[in-house]
Amino acid sequence: MKRLFSLIVLFSFFQSAAQLKPSDSIRLENLLKQMTLEEKIGQMNMYTGNIFGDDPVFTADFKYDDLKNGRVGAVLNVNGIKNTRLLQEMALQSRLKIPLLFGNDVLHGLHLLFPIPLAEAASWDIGLMEKTARIAAIESSARGNNWFFQPMVDITHDPRWGRVMEGAGEDPYLGSLIAAARVKGYQGNKLGDTNSVMATAKHFAAYGAAVGGRDYNTVDMSNQELWNVYLPPFKAAAEAGASSFMNSFNTLNGVPTTASSYLQRDILKGVWGFKGFVVSDWGSVGDMIAHGYVKDAAGAALASVTAGVDMDMEDQIYKKQLPRLVADGKVPVELIDDAVRRILAKKFELGLFDDPFKFIKEERWQKAINNPAHIATAREMAGKSIVLLKNEVPKGRTSPVLPLSKNVKTIALIGPHIMSVRENLGFWSPWWPDDSARIITQYQGIKNKVSRGTTLLYAKGCEVSDTSTAGFAEAVRIARQADVVIMSMGEQYDMSGESRSRSDITFPGVQEALIKAVYATGTPIVMLINAGRPLVFDWAADHVPAILYTWWLGTTAGGAIGDVLFGDYNPSGKLPITFPRSVGQIPIFYNHLSTGKPPKNDSVAYYRTGYIDLMQNPKFAFGHGLSYTTFEYSSLKMSDSIIKSGESVRVSLSVTNTGKVSGEETVQLYLRDRVASIVRPVKELKDFKKVVLKPGEAQTVIFEITPDKLAFYNEQGKLITEPGEFDIMIGSASDDIRLKGKFELEG
Ligand code: BGC
């Protein structure tokens with residue numbers, strides 16, 4: 001056992017020291033030599049501040065005492081120049097003057113709020129996501145923060161799970177690109193730049209597969225699913241240089257991930273050669289007692305430090321238990337040194353030993369916020385996150401409802417979200433400044449677009465979630481007077497997020513009844529749906545002619561929605577997650593494994609994977625998203641139909657804008673491995689390209705199917721490629737495949 005530890009420690013020492021300047025490595029080693037065991041364990045201890053309050057920064061006095069005596073390595077939920085300065089000054093009163101790390105959940109921006117992460121994922125615009133992450137880092141790093149608990153890279157198949165809003169949806173390929181982009185955005189060119197913050201990939205691992213979508217719940221999963229679906233975004237984050245990893249609240253196959261040596265030591269620090277440190281999730285070390293995995297705090301500390309958890313968030317278990325465990329010889333001091341070395345290495349890399357106050361600069365903060373270029377990026381991202389789910393020609397008309405003319409005579413604006421500020425921002429925006437004046441409501445965004453001759457009528461109709469229908473009559477009255485109705489419905493800002501799972505993900509309250517009442521007037525409706533997850537709205541999806549999924553778009557929501565409604569921006573978003581028809585259809589996702597009874601059609605019994613009372617396909621498929629123009633796919637060409645191992649296939653096709661306005665299309669490439677030693681998915685996204693085309697314009701799109709795109713992980717977590725036939729499917733959505741081909745990989 002001891003020998004194993006030494007090997008691990010030796011290996012990880014070289015790994016963690018590798019990124020440091022040689023002079024900093026020497027400083028680190030000298031520092032480590034001077035540290036007492038208590039001071040070392042102090043670095044592994046993290047405390048929360050008073051998240052919403054200013055005063056006191058800590059609600060418990062012992063924390064100040066620990067800080068001044070070198071028993072705290074990092075804090076979270078401490079915000080602002082004043083508070084971070086106060087605590088950093090206290091940390092520097094300690095014997096060895098080791099500066100603090102300041103961590104925070106800045107899920108989608110700090111002062112300037114971007115669309116929630118799931119909404120941004122709908123843009124499929126990887127470069128833009130890196131840019132919004134960069135801006136979040138620029139703002140936050142000027143206000144004392146040097147460590148983000150993002151990106152959240154958990155794949156999920158369950159929209160009931162409240163935390164679906166924090167991630168990038170259901171697809172491992174798209175999720176991996178986004179994970180890497182966000183890490184790069186947060187960390188900038190390099191740690192050590194004043195506007196770079198450390199990124200954390202969380203929650204390691206498989207947290208998104210919680211049974212029933214109930215938060216913190218159990219996960220039991222095969223290794224092949226873990227490796228092929230849930231781990232790839234984490235691997236991508238590690239490869240992009242994420243500084244830290246956070247583990248998760250769930251068990252994985254019976255073991256709390258906090259105690260999982262398989263995940264944290266073998267895979268992360270071993271196979272992937274991760275150089276940063278692992279932080280527990282809030283209290284996840286102590287949670288193992290409630291799990292029934294360990295009997296007491298000492299057992300929890302032993303299990304987690306052995307499994308590779310370097311820092312204990314808020315639990316005080318490391319602080320209280322590790323000294324005795326080391327004294328008793330149960331935890332080798334080399335293990336403590338390894339953890340401390342990893343943490344200190346990041347503090348050196350950030351430059352905190354040279355200037356502990358480098359992130360605490362009022363002048364920078366004032367310059368970083370309200371930056372017009374940043375606001376323009378947020379607006380661009382908000383526009384690109386909107387998904388046009390449906391746009392039909394209403395009865396008696398000749399063209400689709402959207403885009404609206406700016407000269408419509410009368411528009412009725414109905415719904416609980418039209419005038420709201422908070423509902424555009426969404427969950428995980430606790431730091432949003434209470435200056436609602438700078439946030440444009442949807443009402444204002446629409447008003448800014450229409451001509452002076454347009455009359456806007458407004459009726460709230462109902463609240464988000466109560467049962468009163470008292471406002472219906474007024475809503476119906478104004479709908480009757482209008483040429484078109486814009487209804488803005490959905491969830492309240494705190495209905496998705498941590499511990500916000502819902503069993504029923506239809507519109508809360510009486511919203512659906514309001515839609516039906518307004519629909520009965522016969523005035524065409526455009527619906528805006530604001531939510532932190534895919535909602536189920538089968539009736540509205542079948543009846544309302546135009547639907548825009550607007551998620552929670554952040555500070556610039558109103559402006560971006562106005563742009564899309566009136567055609568100043570042609571929507572280009574594509575769903576990063578499947579939208580089910582009903583709650584009973586969950587989990588439903590596009591890249592499921594092939595079954596032995598592939599569905600024929602809805603009426604053929606014994607050949608369906610669905611239900612007798614529901615169509616088999618989802619309401620809106622992964623990758624779906626319409627435009628105000630149309631695109632034609634043609635001329636598929638392949639460089640080869642048979643390739644040898646290590647060779648690539650080049651695929652080209654032509655995409656033409658066949659409509660009347662310019663637009664952006666996301667051309668999606670899916671593959672299917674026909675026969676393999678373990679059953680493979682019916683299709684998997686392997687690449688995509690964006691093209692921006694003027695009306696009538698055509699462009700050749702080229703995909704290079706490289707050998708890595710043919711590989712998969714087996715049950716042992718080994719990446720393998722097997723010879724055989726592969727189907728190529730290229731289309732506008734996972735259920736809208738326009739061109740097909742196939743090739744063979746020779747044995
Ligand atoms: C969440 C983490 C978060 C942490 C700190 C936990 O409850 O699961 O995602 O980073 O709190 O706020």
Side-chain angles (χ1 to χ4, degrees), residues 45-53 57-59 72-79 100-110 116-118 133 136 140 144-156 161-168 179 182-183 186 197-210 213-219 233-234 237 242-252 256-258 276-288 290-291 304 309-317 426-432 494 496-501 532:
N45 182 30
M46 176 195 258
Y47 286 148
T48 185
N50 178 6
I51 181 167
F52 296 114
V57 185
F58 284 143
T59 44
V72 186
V75 293
L76 76 153
N77 294 333
V78 174
N79 281 285
L100 281 177
L101 293 173
F102 290 92
N104 254 338
D105 297 283
V106 184
L107 253 293
H108 51 119
L110 184 75
I116 56 165
L118 183 64
S140 306
N145 200 195
N146 46 35
W147 183 17
F148 278 6
F149 301 141
Q150 282 90 238
M152 190 276 214
V153 304
D154 295 310
I155 296 292
T156 187
W161 189 46
R163 305 197 77 165
V164 60
M165 61 147 298
E166 298 177 37
R182 289 188 170 141
V183 169
Y186 299 145
V197 299
M198 296 198 299
T200 308
K202 71 182 186 187
H203 305 82
F204 198 54
Y207 183 38
R214 297 190 287 278
D215 211 357
Y216 315 138
N217 211 358
T218 307
V219 177
F234 285 102
S243 292
S244 59
F245 264 53
M246 185 188 290
N247 58 34
S248 53
F249 291 129
N250 55 289
T251 54
L252 177 62
T257 65
T258 308
F277 66 91
V278 176
V279 61
S280 77
D281 201 348
W282 182 298
S284 71
V285 174
D287 286 356
M288 293 195 290
H291 273 302
S304 50
V309 181
D310 303 304
M311 190 182 277
D312 170 18
M313 189 193 288
E314 186 52 17
D315 245 0
Q316 295 180 58
I317 286 187
F427 202 68
W428 287 115
S429 48
W431 330 115
W432 79 290
D494 57 357
S496 297
E498 184 179 346
S499 200
R500 298 308 196 267
S501 294

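All values reported here derive from a predicted model rather than from experimental measurement. Every number for a ligand or one of its atoms is a count from 1 in the order of the listing.
Here Ser284 pairs with Asn247, Thr258 under the side chain to side chain donor-acceptor pair (under 3.5 Å) rule; sequence neighbours left out. Take Thr200 and apply the side chain to side chain donor-acceptor pair (under 3.5 Å) test, not counting sequence neighbours, and it matches Trp147, Ser244. Trp161 pairs by the ring pair (Phe, Tyr, Trp, His ring centres under 6.0 Å) definition with Tyr207, not counting sequence neighbours.
Between His108 and Phe427, the closest side-chain pair of non-hydrogen atoms is not below 4.5 Å.
For a heavy-atom separation below 4.0 Å, the residues in contact with ligand 1 are Leu76, Asp105, Phe149, Arg163, Lys202, His203, Met246, Phe249, Asp281, Trp282, Met313, Glu498.
Asp281 contributes no side-chain N or O that, together with a main-chain N or O of Ser248, makes up a donor-acceptor pair within less than 3.5 Å. Arg182 places a side-chain N or O within donor-acceptor distance of the main-chain N or O of Pro117, the cut-off being under 3.5 Å.
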